[in-house]
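Here is the structure we will look at, set down as structure tokens.
All ligand and atom numbering here is 1-based and tracks the order in the structure.
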Amino acid sequence: MTVLVTGGAGFIGGNFVLDWLAQAQAQAEPVVNLDALSYSGNLETLEAIKGDRRHHFVQGDIADRELVSRLLMQHTPRAVIHFAAESHVDRSIHGPEAFIQTNVVGTFGLLESVRGYWGDLRGPAREAFRFLHVSTDEVYGSLQAQESAFTEAHRYQPNSPYSASKAASDHLVRAYHHTYGLPVLITHCSNNYGPYHFPEKLIPLMIVNALAGKPLPVYGDGRQIRDWLYVKDHCSALCRVLEAGTPGEVYNIGGWNEKANIDIVHTLCDLLDQMRPRDDGQSYRRQITHVADRPGHDRRYAIDARKLHRDLGWRPAETFESGIRKTVRWYLDHPGWVQRVQSGAYRQWIDSQYGVSA
Ligand code: NAD
Ligand code: TYD
């Protein structure tokens with residue numbers, strides 16, 4: 001048995017592959033990891049499994065149907081877990097095209113390759129096959145303060161080019177189930193945080209800027225709300241959905257942790273004040289700067305994850321307090337990873353370590 005992971009050198013996919021190989025020790029189920037190594041893909045994240053024969057890394061594009069079909073034929077995976085995407089809202093505002101290319105056209109190409117492969121499977125292998133599409137709560141749009149959290153039945157109302165491209169990919173995945181019977185599972189997760197997070201997103205950016213003495217740029221009034229989940233809880237939820245989810249079903253994944261951005265930034269400053277005080281004894285809060293708001297900024301996301309708990313018995317292991325402390329600790333303990341990501345040196349590192357060019 002093998003699984004094919006796309007985007008497994010990114011933040012969530014990387015954590016997923018590391019956790020999968022750590023937890024599946026007994027079964028030793030291998031992972032084929034297909035990743036284009038875009039700017040957010042980083043093989044240094046996978047350093048701990050370098051040389052592990054159960055990890056087969058392939059640099060390539062999900063839209064490359066010939067490559068994907070060949071990998072499927074060669075490795076005969078029992079499941080595809082699809083993380084690969086352009087994932088940053090601000091980048092989608094500045095340059096939406098890459099989002100359409102990877103998230104929509106790329107997912108379409110991947111679905112076509114998988115449809116061909118699955119169509120040729122017979123008996124138990126065909127029955128057991130799953131395509132798990134990793135999506136986001138952002139496809140549901142923005143909530144007013146008093147509205148109840150997104151359920152799986154919430155209407156789609158994506159507001160950014162990123163969320164629109166993810167919504168388009170969700171619709172394609174759903175249609176492949178409805179039309180061709182492809183056994184798909186779709187998940188919508190809230191904002192993730194944790195180790196190996198590229199420092200362009202709120203939490204890692206604030207930690208690394210704080211430590212570098214740089215401003216902490218809070219968009220607008222900072223009262224926008226996100227629902228935060230520790231990345232390893234997202235990975236455990238995906239494993240549970242893969243194991244026991246019903247094909248064609250949609251599952252929301254969340255941590256019941258709604259927080260305003262400014263409160264997150266205050267929490268990070270306070271933790272850093274304890275764990276790595278500034279040389280001058282002042283609080284990191286001094287570095288907070290309010291900057292212009294993001295265009296079309298969604299005000300609030302909140303996930304109702306009761307279905308996943310009720311049907312599949314999943315619950316997050318971390319509280320926000322435990323997860324955020326672990327995250328700050330991780331960034332304090334991994335200055336080299338951060339430095340190489342920020343300087344771009346991780347790309348040369350990939351070349352020298354793996355002999356592939358990013
Ligand atoms: P990321 O940007 O850290 O990683 C994306 C990975 O995909 C990178 O390794 C990149 O090299 C790879 N990739 C990009 N284009 C590719 C292509 N055409 N072919 C093959 N590989 C390609 O993103 P992430 O935060 O790890 O997000 C992973 C998935 O989870 C995405 O689908 C995202 O929409 C979803 N998601 C993310 C969050 C979050 O908070 N980060 C929350 C919910 C859902
Ligand atoms: P982000 O991490 O980009 O995730 P998303 O936009 O997918 O939710 O941003 C999280 C929130 O933090 C969002 O409301 C935008 C805000 N934000 C800032 O205030 N300053 C920043 O520098 C960044 C990157 C984000």
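Between Tyr331 and His197, the ring centre distance reaches or exceeds 6.0 Å. Aromatic pair Trp228/Trp256: ring centres not closer than 6.0 Å. Two rings, from Phe129 and Tyr117, have their centers less than 6.0 Å apart. Note: Tyr230 and Phe320 fail the aromatic proximity criterion, with ring centroids not under 6.0 Å apart.
Here's the thing with Tyr39: none of its N/O atoms is less than 3.5 angstrom from an N/O atom of ligand 1. Polar contact with ligand 1: present for Tyr162 (N/O pair, distance under 3.5 Å). Considering backbone and side-chain N/O of His197, none are found under 3.5 Å from N/O of ligand 1. The shortest N/O to N/O separation between Glu86 and ligand 1 does not fall below 3.5 Å. Between Lys166 and ligand 1, a contact under 3.5 Å exists for at least one N or O pair. The N/O atoms of His234, backbone and side chain alike, include none that comes under 3.5 Å of an N/O atom in ligand 1. Geometrically, ligand 1 and Ser38 share a nitrogen or oxygen pair separated by less than 3.5 Å. For ligand 1, the polar-atom distance check finds no N/O of Thr136 at less than 3.5 Å from any of the ligand's N/O atoms. Taking distance alone, with nitrogen or oxygen atoms compared against 3.5 Å, Asn191 stays at or beyond that limit from ligand 1. In terms of polar-atom proximity, defined here as any N/O pair under 3.5 Å, Gly10 does make such a contact with ligand 1.
Geometrically, Arg115 engages Tyr180 in a cation-pi contact defined by less than 6.0 Å to the ring centre and at most 45° from the axis. Within the cation-pi definition used here (under 6.0 Å to the ring centroid, within 45° of the axis), Arg91 qualifies as a partner of Tyr39.
Closest to atom 20 (C) of ligand 1 by heavy atom, among Gly109, Ala36, Gly8, is Ala36.
Nearest to atom 40 (O) of ligand 1 among the protein's heavy atoms is Asn192 N, 2.8 Å. Here the heavy atom of the protein found nearest to atom 23 (O) of ligand 1 is Ser87 OG, 3.2 Å. Considering only non-hydrogen protein atoms, atom 36 (N) of ligand 1 sits nearest to Ile12 CD1, 3.9 Å. For atom 5 (C) of ligand 1, the nearest non-hydrogen atom of the protein is Ala85 O, 3.4 Å. Among protein heavy atoms, the minimum distance from atom 3 (O) of ligand 2 is reached at Arg294 NH2, 3.1 Å. Distance from atom 20 (N) of ligand 2 to its nearest protein heavy atom, with residue and atom name: Pro217 O, 2.7 Å. Nearest protein heavy-atom neighbour of atom 2 (O) of ligand 2: Leu202 N, 2.9 Å. Shortest contact from atom 19 (O) of ligand 2 to any protein heavy atom: Tyr219 N, 2.9 Å.
Arg54 has a carboxylate O that lies under 4.0 Å from a charged side-chain N of Asp52, or vice versa, which qualifies the two as a salt bridge.
The proximity of Asn191 to ligand 2, defined as any non-hydrogen pair under 4.0 Å, is limited to the side chain. Only the backbone of Glu200 comes within 4.0 Å of ligand 2, judged by heavy-atom distances. Within the 4.0 Å heavy-atom criterion, the part of Leu205 lying near ligand 2 is the side chain and not the backbone.
Using a 4.5 Å cut-off on side-chain heavy atoms (C-beta onward), Asp170 and His133 make contact. Counting heavy atoms from C-beta outward, Ile203 and Thr327 have side chains that approach closer than 4.5 Å. Side-chain contact between Leu332 and Leu211 is present, with heavy atoms from C-beta onward closer than 4.5 Å. The side-chain heavy atoms of Val139 and His188, taken from C-beta on, include a pair separated by under 4.5 Å.
Closest approach of Leu216 and Val265 over heavy atoms only: CD1-CG1, 4.3 Å.
Residue-ligand proximity: Ala9 is placed with a non-hydrogen atom under 4.0 Å from ligand 1.
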(request) Verify salt bridge (charged side-chain N to carboxylate O under 4.0 Å, His left out) between Glu47 and Lys50, making sure each step is shown before the conclusion. (result) CA-CA 5 Å; Glu47 173 66 1; Lys50 188 167 173 244; 5.3 Å; no
